[in-house]
Every structure is written in C-alpha cells, then in structure tokens.
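In what follows, a structure is listed as structure tokens, so that the remarks can point back to it.
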Amino acid sequence: MTTQPKISIVAPVFNEQGNIETLHRRIVEVMESTGESWELVIVNDGSRDGSVDELRSVRERDARVRVVNFARNFGHQNAVTAGMEYARGDAVILIDADLQDPPEVMLQMLDKWREGFHVVYAVRAERKGESWFKKFTAKLFYRLIYRIAEIDIPVDTGDFRLMDRQVVEALKAMPEHNRFIRGMTSWVGFRQTGVEYVRQERHAGETKYPLRKMLRFALDAITGFSYFPLQVMIYASLILALIAVVAIPLVAFLRLAGSHLQFEGQATTLIVLLLLSSFQLFFLFVMGQYVARIYDEVRHRPLYIVAEVWENTSDAGVTDENSAG
Ligand code: UDP
Ligand code: MG
C-alpha cells in the first residue's frame, strides 16, 4: 500500500545512540518542508551501544524509517553501499548520522537535482570542531588524491551527496571491495555539481575514524583510483641505476689516481645496504597493498551480511534477503 518514496535518505550508524533521535527530528523538519514523499534508510553497522533501542523506537513511531541491521561492523563504506541497495527513491541522499552534515543542505541539493544534475556533492567550505591534525591530514589527502587519481575527485567533499537513480544503479553495478564511494561517484560521470556548506561539530559521541582507519581508507582511495605508487618505482630504479653508472667510473678513477677517498670499509657498505633494503621493502609494501586488494576481489565475499531489516510489512521492499553485493 505504501507508494514508492520520491527521495531516500541513507544514514550509516555505528554507535550513535546520542544522535539518532535528533537526526530523525531534523530530517523530518527539512523533508516536510519539501512536500515530497521520502524514506529514511538507516544502516546499523553493528552498533554495540544503545543505538539499537533508539532505532527501534524511532522506527516504531515513523513508518518512513527503515532499518537495515548488519550482522557485525562491516565499515562505513559498506554500510552506505547497503543503504543504496535498499533505497527506493528517485534521488538518494547520503548523510552522516552524527549531524556533522546539516540536513538543511539537502534542500539546496534537491534544487540542483531539479535543475537536472545527477550528482550534487557537498563541499566543506569550513570544518568545525575537528582537530588540526584531522583537518591538516584531510586537506593533504584530498589534494593528493586529486593529483594522482585518473579521474577528477572534487577536493574537500565527503560522502554527503545526492545521487539520481541512474547514478545509484550505476554504483550498484560496481561490486568492488575496499570502496571509496566519493571516487566511485566521480568515476560514473553524468552531470555533477557541488554546493558549499560548513561542516558542523559532532552532535554527540566520538569519531569512528581513528588514525588506523583513516590510513586504511586513504590507501583504499589511492589503490582504487591510481597506479601512481606502482609507476613511481620506475623512477626510483632509474635514479639508483644512474648513481651506479656514475659511481663505477668515479671509484675506478679515484683508485687509479691513488686518492685517499677509496670508499673502503664496512660502514659505508652497511649503510647503503640498509637504505636500499628499506626502499625495496617499501615498494614491496606498496605492491602488497594492491595484491591484498586483488585477493579481496577474487574471494568474492559479500560486502556485508544483513541480519535483520525493520520496515513496514506492507512495504514492498527487500525484507528477507540475507546479503547483497
Ligand atoms: N560509521 C559506520 N561504520 C563505521 C564507522 C563509521 O557506519 O565503521 C558511520 C558513523 O556512525 C557516521 C559516519 O559513518 O554516521 C561517519 O563516521 P564518523 O562521523 O565517525 O567519521 P568522521 O566524520 O569523524 O570522519
Ligand atoms: Mg562525523
């Protein structure tokens, strides 16, 4: 009996008990002002705090809310992927559950969508309440990936974005692991534009991206969209070969000329050896990063496992599918 909602909002949740209530309220306020039909798809990415109870109560009060519960924590990008899989709207908006992305920005996104854009990404003009370290590394990262990626990934954009159904379908056909969704959305093409906003402080709780996860995410982005780290090895090898080519006649000449500088001794050899080994190990690590990701692909494991979906039973949605991707 429920009709297809026009707009789907997708929010991933991992231990966000203090945010769910407010997130829902703010989204309701914004979406009611549009007069469109909508749904809120929340993907519970294996939360271990009180999020589950909060989600249950929000869902019971509002039939427009659907909750997809993962069997464990599968990570932010996989949660967003599941959200897109379950979303039914003509436009899908991805938003963080911690209210760092103000729901009001969705109105500007919808305007751009009505103008005919297929992707409207939110550009962080300013970031509030984040450490200088996070801001600095993020700035550096977005510029690095912009330079080395084969496609143009707009700088200072997160996953907060609107996507047309066509784009969502294109993304659903990309089952890759170790996902970098903002890169994947750029990759598909179509008409894209940005709207600026001020990224707010977290409403409650703490970031779920410690340094370890941030680095892992950066590596996913780089390996997913660039061969630069592999190609740079050829330059390293050329430079080292060049040094050898110059050094051989130089040392021979010095010896023949009876110079004191004869590069004897174990210390020199040892230091050069350590330096070269460290280069080689570093490049092995780089290759390993790509190889490990190939391994992830060939195993063909699903991106996530769904334990339970809570939705209005009269809804014609996906209810009992175990996994996707
Ligand atoms: N998140 C998730 N699974 C994870 C980590 C994060 O679903 O393993 C969600 C989190 O609940 C939030 C969003 O992804 O809604 C962004 O995470 P967070 O705010 O911690 O990242 P930050 O804004 O600090 O980069
Ligand atoms: Mg956040």
Side-chain angles (χ1 to χ4, degrees), residues 9-24 26-27 40-55 58 65-87 92-103 105-106 121-142 145 155-161 177-183 197-221 303-307 325:
I9 298 150
V10 168
V13 161
F14 179 48
N15 298 343
E16 304 283 6
Q17 60 178 8
N19 294 320
I20 291 159
E21 187 75 49
T22 319
L23 176 76
H24 175 250
R26 299 247 322 253
I27 287 178
L40 172 60
V41 181
I42 295 185
V43 181
N44 172 20
D45 186 12
S47 298
R48 291 181 284 264
D49 65 349
S51 297
V52 185
D53 300 322
E54 290 284 321
L55 289 173
V58 165
V65 177
R66 300 162 71 207
V67 181
V68 179
N69 289 290
F70 277 3
R72 64 167 170 85
N73 178 256
F74 282 93
H76 176 205
Q77 299 289 293
N78 292 329
V80 171
T81 303
M84 285 195 273
E85 202 81 41
Y86 281 83
V92 176
I93 301 175
L94 311 180
I95 191 167
D96 279 358
D98 58 2
L99 291 157
Q100 283 198 281
D101 307 330
V105 179
M106 297 195 299
Y121 48 82
V123 185
R124 300 156 178 178
E126 194 190 315
R127 287 167 160 245
K128 284 190 182 164
E130 283 177 312
S131 67
W132 69 265
F133 181 75
K134 174 122 191 180
K135 284 188 205 169
F136 175 73
T137 48
K139 214 178 167 95
L140 208 69
F141 166 70
Y142 286 119
I145 190 80
V155 296
D156 301 328
T157 61
D159 288 334
F160 188 24
R161 58 186 60 221
H177 291 69
N178 303 301
R179 303 163 82 78
F180 182 58
I181 288 169
R182 45 203 94 159
Y197 80 112
V198 177
R199 189 154 163 90
Q200 303 297 314
E201 266 177 69
R202 237 178 187 280
H203 176 258
E206 275 166 15
T207 174
K208 307 300 174 315
Y209 268 97
L211 186 62
R212 182 179 46 82
K213 274 203 213 166
M214 258 158 60
L215 285 174
R216 171 79 209 269
F217 189 52
L219 283 170
D220 285 341
L303 295 175
Y304 53 85
I305 308 284
V306 173

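Each residue takes its place number in the sequence, starting with 1. Indexing begins at 1, ligand by ligand and atom by atom, following the structure's order.
Under a 3.5 Å cut-off, the side chain of Asp98 and the backbone N or O of Gln100 do form a donor-acceptor pair. A donor-acceptor pair under 3.5 Å links the side-chain atoms of Lys208 to the main chain of Glu206, judged by distance alone.
Polar contact check, Ala79 against ligand 1: no nitrogen or oxygen pair lies under 3.5 Å apart. Taking any N or O of Arg199, backbone or side chain, at least one lies under 3.5 Å from an N or O belonging to ligand 1.
Among protein heavy atoms, atom 21 (O) of ligand 1 sits closest to Tyr209 CD1, 3.3 Å. For atom 3 (N) of ligand 1, the closest heavy atom belonging to the protein is Asp45 OD2, 2.6 Å. Protein heavy atom at the shortest distance from atom 25 (O) of ligand 1 is Lys134 NZ, 2.9 Å. When hydrogens are left out, the protein atom nearest atom 20 (O) of ligand 1 is Lys208 N, 2.5 Å; that is the closest non-hydrogen contact. Given atom 1 (N) of ligand 1, the protein heavy atom at minimum distance is Phe14 CB, 3.8 Å. Nearest protein heavy-atom contact of atom 19 (O) of ligand 1 is Asp98 OD2, 2.5 Å. For atom 9 (C) of ligand 1, the closest heavy atom belonging to the protein is Pro12 O, 3.8 Å.
When each atom of ligand 1 is checked for a heavy atom of Arg202 under 4.0 Å away, the hits are 18 (P), 19 (O), 20 (O). Residue Ala97 has at least one heavy-atom neighbour below 4.0 Å for each of these atoms of ligand 1: 15 (O). Using a 4.0 Å cut-off to heavy atoms of Gly75, the atoms of ligand 1 that qualify are 3 (N), 8 (O).
Shown here is Lys213, whose NZ atom has more than 12 heavy atoms of other residues, nucleotides or ligands within 6.0 Å. Counting non-hydrogen atoms of neighbouring residues, nucleotides and ligands closer than 6.0 angstrom, the NZ atom of Lys128 reaches no more than 12 such neighbours.
Considering only residues two or more places apart in sequence or on other chains, Glu21 meets the salt bridge (Lys or Arg N to Asp or Glu O under 4.0 Å) condition with Arg61.
Summarising the contacts of atom 8 (O) of ligand 1 with Asp159, Asn15, Asn73, Asp96, the nearest heavy atom is found in Asn73. Of the candidates Gln100, Glu16, His76, the one placing a heavy atom closest to atom 23 (O) of ligand 1 is Gln100.
At a threshold of 4.5 Å between non-hydrogen side-chain atoms, the residues Arg182 and Gln77 count as touching. Residues Thr81 and Ile181 meet the side-chain proximity criterion, which asks for heavy atoms closer than 4.5 Å. Looking at Met214 and Lys134, their side chains come closer than 4.5 Å, going by heavy atoms from C-beta outward.
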Exercise for the section: Go through the steps to decide whether Asp96 and Arg199 satisfy the test side chain to side chain contact (heavy atoms under 4.5 Å, CB included), and finish with yes or no. Expected result: CA-CA 11 Å; Asp96 279 358; Arg199 189 154 163 90; 3.6 Å; yes
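Taking a cutoff of 4.0 Å between a charged side-chain nitrogen and a carboxylate oxygen, Arg202 and Glu16 qualify as a salt bridge.
Contact annotation for Val13 and ligand 1: only backbone heavy atoms (N, CA, C, O) come within less than 4.0 Å of the ligand. Of all the heavy atoms of Gln77, none lies under 4.0 Å from any atom of ligand 1, so neither backbone nor side chain is involved.
Below 30°, between 30° and 60°, or above 60°: for Phe70 and Phe74 the angle between ring planes is above 60°, a perpendicular geometry.
Considering Tyr209, Phe180, Tyr304, Phe217 as possible partners of His76, the one that fulfils the ring pair (Phe, Tyr, Trp, His ring centres under 6.0 Å) test is Tyr209.
Per residue Asp98, closest N, O or S atom to the Mg ion (ligand 2): atom name OD2.
For the pair Met214 and ligand 1, no heavy-atom separation below 4.0 Å is found.
The distance from the Mg ion (ligand 2) to the nearest N/O/S atom of Gln100 is under 2.8 Å. The Mg ion (ligand 2) has no N, O or S atom of Asp96 closer than 2.8 Å.
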